Trainee: 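Below is a structure I'd like to ask you about.
Below, each value reflects all heavy atoms present in this structure, side chains not excepted, and no hydrogens, waters or symmetry copies. Owing to the predicted nature of the structure, the values given are computational and were not obtained by experimental measurement. Heads up: numbering here begins at 1 and tracks the sequence.
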Amino acid sequence: MDYLEELNGRQQEAVLHVDGPLLIIAGAGAGKTKTITYRILHLIKKGVEPASILAVTFTNKAAKEMRDRVASLLAADKTLNFPVPAFSHSAMSRQSSVVSAPFISTFHALGVHIIRENANLLGVPRHFTILDKSDSLKFIKEAMDAEAIDRKSFDPAMIQNLISREKGNAVTCAEFEAKTETAYIPRIVASVWKRYEDALGREKALDFDDLLLKTALLLKENQSVREHCQNTWRYIHIDEYQDTNRVQYLMAKYLAAKHKNLCAVGDIDQTIYSWRGADIKNIMGFEKDYPEAKIVLLEENYRSTQTILTAANRVIAKNKFRKEKRLFTKNAPGERLGLLEAYDENDEARFVALKSEELIEDGKVSPSAIAVLYRANFQSRALEEAMLAQSVPYQILGIRFFERKEVKDVLAYLKASLNEKSLADWKRVINVPPRGLGKVAVLKIFAGQEETLTPAARKKVAQFRKILADIKAAALREEPSQTIKHIIKWSGLEAELQKGGADDLERLENIRELVTFATKYDALAKPEDGILRFLEAAALASDQDELLKEREAVKLMTAHAAKGLEFEYVFITGLEEDLFPHKKLGDGKFDERQAEEERRLFYVALTRAKKKLYLSYTSVRTIFGSKQVNVPSEFIFDINEELIEKEEVFAGGGKIIYLD
């Protein structure tokens, strides 16, 4: 078994454990993806049918990386006597020899797959619409208006988040309504939620949370579906297990209940998403759920210098709610951590820009291998200004390609053509580009009073319906990329944008980029499968999956967005009490649970760096227009002094004078 020589002893131990539950506690940079992919290879070499292997992770980016790695391993192994499988959710391609493949996807994509296979049981069509967060919020607002609830008194986004949190806890609308009793705000939420669900039912649409909740309920309540899934996937891998919420935990539990071959991989010290429902108890309680489980600890780090790891170990050791582990590496000790004491956010940003420029010009690193991390989004303003002033190329992570208006318009044409019940998509594009159908005409169409329109208006509506019918026909017979090309032309968007200025031409470039994205799904056996996978990927794209052409630029992002990424040089800015660790304004509560999560977030930020870390804080920072004097973050004092060296920044030819 030569392939095992590529692994260290602990990784081998995890790979060789074939049957029964397995928990892999994998520290940052300890090769968890490598371990999972080699375990999949080992299972196949042991005679396990590839299609009976399931691997689930959280982002499209992570799922793609895992698929690519598995495909490479299988292709390189000359002892396997079958062609490399074609990786897709349906495991089908246009290759002459179709071979089953492991099913590797995100949780949401897995939910979509199971729901589509059982759409008739849930009362939705196979072409059901997936609402992204912004579309979902529109439905919430409409539900509030229907219930005469003042949007100024109750924030629609807050209600949306409360409903999302309940769904993530595996609570249905009916269950929530039954337990609200007389409490005022829960009753408001319940009334909006009920209206919201009615609207989704009419539109044959599901939101992100439904993709998980309805899947979990289906697995729980329908024995036939549950047994089919259990028999299909006998070996299950869940990556980032520490990030699972209640409903994801239940999905894994139901799928693994029969064969108990559940391999959970995660790191308690990287649990940073409790605010969106992740429950650290899922990974902490794994041994209670599966008493016979084998536990493997991966502590050897392949990413960072020992200096960085020593600092990270020291910081995270203060947390009590964790499983003890200590990262180590065979890499060089490396440089000490740079620490900047800036006067204000502008001086801090200037230092980051100047240091980035210096590193790039000295040839030490390419711009894209530098990351600047911050705790709150507002911190990016000063950093952007400094980067512009120094002409340092930069890119902010978090600007979503699929949230752009012109991109959503093209997607809405496609969704409206496939799902005639999706009135929201109809509304979005019936006048895009303008067709001379006013608001009154549109209202009459949706009220079923189309016959009362003028002959000219009825003709325009008929032309619009013809466009949708042509798009649907193309989607069912042509490759997805060709269908998107047709939409851009047939809708009139191309002609409209070509008449505009520079901004419109940029929008045209964006929708043409959507054609490129769609080519990824051209190889599927059936065009219908390809178009469904295309829509699914567009709807479920996360911040890290954004479709921006990779630029050679310094990356600016929140510490949360950096999870799972790595860079040669990392700046962690704003290390001040109340900012990082972050305490919400107006909220006097900051309990131990929140404090430990903030410490884990700092640990995640530290362990993104491969060569060098720079830490910075300001004596004064302007927040909401007011200057406030700061105390350095407690996290700085957790790091041994011998691991730190002071950095200096100069402005206007003279040294900055710092406040005591």
Trainee: For the residue pair Phe571 and Ser356, what are the closest heavy atoms and their distance?
Mentor: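 What the structure gives for the nearest pair is CE1-OG, 3.6 Å.
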
Trainee: Could you state the interatomic distance from CE (Met158) to CD1 (Ile140), rounded to the nearest 0.5 Å?
Mentor: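 It comes to 11.0 Å.
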
Trainee: Looking at Asp591, is its backbone amide N or carbonyl O close enough to the side chain of Gln594 to form a donor-acceptor pair, meaning the two atoms are under 3.5 Å apart?
Mentor: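 Between the backbone of Asp591 and the side chain of Gln594 there is a qualifying donor-acceptor contact (under 3.5 Å).
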
Trainee: Is there a donor-acceptor contact under 3.5 Å linking the side chains of Gln306 and Thr329?
Mentor: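 Result is no, nothing qualifies.
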
Trainee: Do you know which two heavy atoms are closest between Ile511 and Val407, and how far apart they sit?
Mentor: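 In this case the closest contact between Ile511 and Val407 is CG2-N, 4.1 Å.
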
Trainee: Answer whether the closest heavy-atom distance between the side chains of Thr622 and Asp344 falls below 4.5 Å.
Mentor: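 Sidechains of Asp344 and Thr622: no contact.
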
Trainee: Do the side chains of Glu494 and Arg512 get close enough for a salt bridge, i.e. N-O under 4.0 angstrom?
Mentor: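 Yes, this pair counts.
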
Trainee: Just wondering, more than 12 heavy atoms not from Glu642 lying within 6.0 Å of its CD?
Mentor: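 Count over threshold, so yes.
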
Trainee: Could you go through the side-chain hydrogen bond (donor to acceptor under 3.5 Å, both in side chains) check for Ser136 and Asp207 one step at a time?
Mentor: CA-CA 7 Å; Ser136 167; Asp207 64 23; 4.5 Å; no

Trainee: Do Arg326 and Ile316 make a side-chain contact, defined as non-hydrogen atoms from C-beta onward lying under 4.5 Å apart?
Mentor: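 No - every pair of side-chain heavy atoms lies 4.5 Å or more apart.
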
Trainee: Ser164 side chain to Gln160 main-chain N or O, any donor-acceptor pair under 3.5 Å?
Mentor: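 No; zero donor-acceptor contacts below 3.5 Å.
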
Trainee: Would a distance-only check, ignoring hydrogens and angles, find a side-chain to backbone donor-acceptor pair under 3.5 Å from Gln11 to Ala30?
Mentor: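 Yes; judged by distance alone, with no hydrogens or angles, the pair exists.
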
Trainee: Specify the closest pair of heavy atoms between Gly574 and Gln379, including all atoms of both residues, with the distance to one decimal.
Mentor: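 In this case the closest contact between Gly574 and Gln379 is CA-NE2, 3.7 Å.
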
Trainee: Report yes if the side chains of His237 and Met66 come closer than 4.5 Å at any heavy-atom pair, otherwise no.
Mentor: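 Heavy-atom side-chain distance check fails, nothing below 4.5 Å.
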
Trainee: Is Arg276 positioned over the aromatic face of Tyr273, cation under 6.0 angstrom from the ring centre and no more than 45 degrees off axis?
Mentor: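 Flagged: Arg276 positioned over aromatic ring of Tyr273.
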
Trainee: If only atom types and distance count, is the side chain of Gln248 paired as donor or acceptor with the main-chain N or O of Asn245 below 3.5 Å?
Mentor: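 Yes, the answer is positive, given that a donor and an acceptor are paired below the 3.5 Å cut-off.
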
Trainee: Which heavy atom in Arg428 sits nearest to a heavy atom in Lys405, and how many Å separate them?
Mentor: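 Shortest heavy-atom separation between Arg428 and Lys405 comes out as NH2-O, 3.4 Å.
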
Trainee: Taking atom types as modelled, is there a side-chain donor on Tyr617 or Glu341 under 3.5 Å from an acceptor on the other?
Mentor: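 There is such a pair (donor and acceptor under 3.5 Å, judged by atom type) between the side chains of Tyr617 and Glu341.
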
Trainee: Could you tell me whether the side chain of Thr573 and the main chain of Leu373 form a donor-acceptor pair under 3.5 Å?
Mentor: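 Pair found, side chain donor or acceptor close to backbone of Leu373.
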
Trainee: Rounded to the nearest 0.5 Å, how far does CG of Leu337 lie from NZ of Lys646?
Mentor: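 So the gap between those two atoms works out to 13.5 Å.
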
Trainee: Is the closest side-chain heavy-atom distance between Lys627 and Arg621 below 4.5 Å?
Mentor: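 When only atoms from C-beta onward are counted, Arg621 and Lys627 do not touch, as no gap falls below 4.5 Å.
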
Trainee: Taking 4.0 angstrom as the limit, do Asp269 and Arg599 come out as a salt bridge?
Mentor: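 Judged by the 4.0 Å cut-off on N to carboxylate O distance, Asp269 and Arg599 do not form a salt bridge.
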
Trainee: Side chain of Lys34, backbone of Glu6: donor and acceptor closer than 3.5 Å?
Mentor: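 Side chain of Lys34 to backbone of Glu6: a pair is present.
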
Trainee: Closer than 4.0 angstrom, basic N to acidic O: yes or no for Arg593 and Glu596?
Mentor: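 Result for this pair is no, no salt bridge flagged.
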
Trainee: Does one side chain, of Ser616 or Glu348, offer a donor that lies under 3.5 Å from an acceptor on the other?
Mentor: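 Indeed, the side chains of Ser616 and Glu348 share at least one donor-acceptor pair under 3.5 Å.
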
Trainee: Quick one: sort the Phe635 and Phe580 rings into parallel, tilted or perpendicular, breaks at 30° and 60°.
Mentor: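 Correct class here is perpendicular.
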
Trainee: Taking the cut-offs as 6.0 angstrom to the six-membered ring centre and 45 degrees off its axis, would you call Lys612 and Tyr614 a cation-pi pair?
Mentor: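 Yes, Lys612 sits over the ring of Tyr614.
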
Trainee: At what distance, to the nearest 0.5 angstrom, does CD1 of Ile360 lie from NZ of Lys355?
Mentor: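 Nearest 0.5 Å value for the CD1-NZ distance: 12.5 Å.
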
Trainee: Which heavy atom of Ser491 sits nearest a heavy atom of Pro433, and at what distance?
Mentor: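 Minimum heavy-atom contact is O-CD, 3.1 Å.
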
Trainee: Using 0.5 Å steps for rounding, measure from the CD atom of Glu509 to the CG atom of Leu497.
Mentor: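 Rounded to the nearest 0.5 Å, the CD-CG separation comes to 11.0 Å.
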
Trainee: My understanding is that only one of Val372, Leu388, Leu383 makes a side chain to side chain contact (heavy atoms under 4.5 Å, CB included) with Tyr394; could you say which?
Mentor: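 Going through the options one by one, the only one that passes is Leu388.
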
Trainee: With a 4.5 Å heavy-atom cut-off, do Glu536 and His108 have their side chains touching?
Mentor: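 Not touching, per the 4.5 Å side-chain cut-off.
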
Trainee: Does a salt bridge link Glu358 with Lys364, judged by any charged N lying under 4.0 Å from a carboxylate O?
Mentor: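 Judged by the 4.0 Å cut-off on N to carboxylate O distance, Glu358 and Lys364 do not form a salt bridge.
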
Trainee: So if I apply the side chain to side chain donor-acceptor pair (under 3.5 Å) rule between Asp267 and each of Lys32, Gln242, Arg600, Lys325, which one comes out positive?
Mentor: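 Of the listed options, the one satisfying the test is Lys325.
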
Trainee: Are a donor atom and an acceptor atom from the side chains of Glu576 and Ser633 found within less than 3.5 Å of each other?
Mentor: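 Checked: Glu576/Ser633 side chains show no N/O donor-acceptor pair below 3.5 Å.
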
Trainee: Quick one: CD1 on Ile370 to CG on Leu556, what's the gap to the nearest 0.5 Å?
Mentor: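 Atom-to-atom, Ile370:CD1 and Leu556:CG are 10.5 Å apart.
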
Trainee: Any side-chain heavy atom of Arg608 within less than 4.5 Å of one from Lys563?
Mentor: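 No, side chains not in contact.
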
Trainee: Test your reading of the model: is there a side-chain donor-acceptor pair from Glu357 to the backbone of Val392, 3.5 Å cut-off?
Mentor: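 Checked: no pair found.
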
Trainee: For the backbone of Tyr374 and the side chain of Thr558, can you confirm whether one donor and one acceptor N or O come within less than 3.5 Å of each other?
Mentor: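 It does not hold such a pair.
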
Trainee: Are side-chain heavy atoms of Thr618 and Asp347 found at a separation under 4.5 Å?
Mentor: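 No, their side chains stay 4.5 Å or more apart.
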
Trainee: Working to the nearest 0.5 angstrom, can you tell me the gap between Ile484 CD1 and Ile487 CD1?
Mentor: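 Answer rounded to 0.5 Å: 4.0 Å.
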
Trainee: Among side-chain atoms of Tyr603 and Asn313, is any donor-acceptor pair under 3.5 angstrom?
Mentor: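 Short answer, no.
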
Trainee: If you compare all heavy atoms of Ala539 against all heavy atoms of Ile130, which two are closest, and at what distance to 0.1 Å?
Mentor: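 Closest pair (atom of Ala539, atom of Ile130, distance): CB-CG2, 3.8 Å.
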
Trainee: Could you check Lys408 against Asp132 for salt bridge (Lys or Arg N to Asp or Glu O under 4.0 Å), going step by step and ending with a plain yes or no?
Mentor: CA-CA 10 Å; Lys408 294 193 76 165; Asp132 64 22; 3.0 Å; yes

Trainee: Look at Arg165 together with Asp209 and state whether they make a salt bridge at an N to O cut-off of under 4.0 Å.
Mentor: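 Here Arg165 does not pair with Asp209 in a salt bridge, since their nearest N and O are not under 4.0 Å apart.
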
Trainee: Closer than 4.0 angstrom, basic N to acidic O: yes or no for Glu65 and Arg69?
Mentor: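 Yes, this pair counts.
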
Trainee: Looking at side-chain heavy atoms only, is the closest gap between Phe602 and Val315 below 4.5 Å?
Mentor: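 Yes; the side chains approach each other to less than 4.5 Å.
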
Trainee: Got a donor-acceptor contact below 3.5 angstrom from the His560 side chain to the Ile272 backbone?
Mentor: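 Such a contact is found between His560 side chain and Ile272 backbone.
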
Trainee: Are any side-chain N or O atoms of Asp522 and backbone N or O atoms of Glu479, one a donor and one an acceptor, separated by less than 3.5 Å?
Mentor: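 Such a contact is absent between Asp522 side chain and Glu479 backbone.
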
Trainee: Quick one about Thr57 and Asp239 (side-chain donor to acceptor, distance below 3.5 Å, no hydrogens or angles considered), yes or no?
Mentor: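 Short answer, yes.
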
Trainee: How far apart are the C-alpha atoms of Glu568 and Lys610, what are their side-chain angles, what is the distance that settles it, and do they pass the salt bridge (Lys or Arg N to Asp or Glu O under 4.0 Å) test?
Mentor: CA-CA 5 Å; Glu568 300 286 320; Lys610 296 166 82 171; 3.3 Å; yes

Trainee: Hydrogens and angles aside, do Asn331 and Thr305 bring a side-chain donor and acceptor to less than 3.5 Å of each other?
Mentor: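 There is no such pair (donor and acceptor under 3.5 Å, judged by atom type) between the side chains of Asn331 and Thr305.
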
Trainee: State plainly whether the residues Glu299 and Arg10 are in salt-bridge range, i.e. N to O under 4.0 Å.
Mentor: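 Looking at Arg10 together with Glu299, the answer is yes, because their closest N to O distance falls below 4.0 Å.
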
